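To start, the structure under review is shown below, and the notes come after it.
Note: hydrogens, waters and symmetry copies are ignored here, and every other heavy atom, side chains too, is used. Predicted, not measured: the structure shown is a model, and the values here were computed from it. Counting convention: from 1, in listed order, for ligands and their atoms alike.
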Amino acid sequence: MNQGIREQIIQAKTMLGESGEFHMDNAPDMPHKLFENWFQLAMEKHVPNPHAMTVSTVDAMGYPDSRILILKDLDEAGWYFASSSESQKGKQLQAHPYAALNFY
Ligand SMILES: Cc1cc2nc3c(=O)[nH]c(=O)nc-3n(C[C@H](O)[C@H](O)[C@H](O)COP(=O)(O)O)c2cc1C
């Protein structure tokens with residue numbers, strides 16, 4: 001008999017490898033520098049798809065909306081992705097120019 005979804009979820013492996021320590025006092029002044037450090041560490045540790053990010057926006061009803069995008073670049077001005085301004089996220093960002101990013 002096939003396992004139920006709950007058993008499959010429980011068996012899924014999480015947080016493989018060790019996670020680094022984080023001390024606010026040692027963090028660089030600019031957030032993109034901290035991200036650069038973490039990204040380089042993720043590359044060294046062969047974390048799969050370290051440039052894949054969840055981009056969350058808000059729709060016209062005020063509900064959150066999320067999708068996976070690929071990070072294209074990064075500098076002190078921000079994080080860059082490529083997409084269509086006609087997409088749902090494009091329209092949502094025109095109406096509410098705020099987003100949250102999340103990287104594994
Ligand atoms: C691994 C992965 C990477 C993706 N990268 C992009 C991307 O760089 N740009 C993009 O527009 N969509 C990308 N997509 C598709 C988006 O997740 C999304 O389905 C699409 O942009 C439409 O989103 P929206 O309707 O919320 O605007 C990617 C999907 C996956 C699974």
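- A 6.0 Å sphere centred on OH of Tyr80 holds more than 12 heavy atoms belonging to other residues, nucleotides or ligands.
- Taking the six-membered ring where the residue is Trp, the centroids of Phe35 and Trp79 are separated by under 6.0 Å.
- An N or O contact shorter than 3.5 Å links Gln88 to ligand 1 by distance.
- At least one N/O-N/O distance between Ala82 and ligand 1 falls below 3.5 Å.
- Nearest non-hydrogen protein atom to atom 8 (O) of ligand 1 is Ile70 N, 3.3 Å.
- Between Asp65 and Gln92, the shortest heavy-atom distance links the atoms OD2-NE2, 2.9 Å.
- By heavy-atom distance, the residue among Ser83, Ser84, Ser56 lying nearest atom 11 (O) of ligand 1 is Ser83.
- Nearest protein heavy-atom contact of atom 13 (C) of ligand 1 is Leu69 CD2, 3.5 Å.
- In summary, the atoms of ligand 1 found under 4.0 Å from a heavy atom of Ser87, numbered by their order in the structure, are 27 (O).
- Remark: minimum distance from atom 15 (C) of ligand 1 to any protein heavy atom is reached at Ile68 O, 3.9 Å.
- Residues Phe81 and Phe103 share a single hydrophobic cluster, defined by chaining ILVMFWY side chains whose heavy atoms lie under 4.5 Å apart.
- When every heavy atom of Lys33 is checked against every heavy atom of Pro28, the shortest pair comes out as CB-CB, 3.7 Å.
- Protein heavy atoms are absent from the 4.0 Å sphere centred on atom 19 (O) of ligand 1.
- Here the straight-line distance linking atom CG of Asp59 with atom CD of Gln88 works out to 8.5 Å at 0.5 Å rounding.
- Counting all heavy atoms, side chain and backbone alike, Lys89 lies closest to Ser83 at NZ-OG, 2.9 Å.
- Nearest protein heavy-atom neighbour of atom 23 (O) of ligand 1: Lys89 NZ, 3.3 Å.
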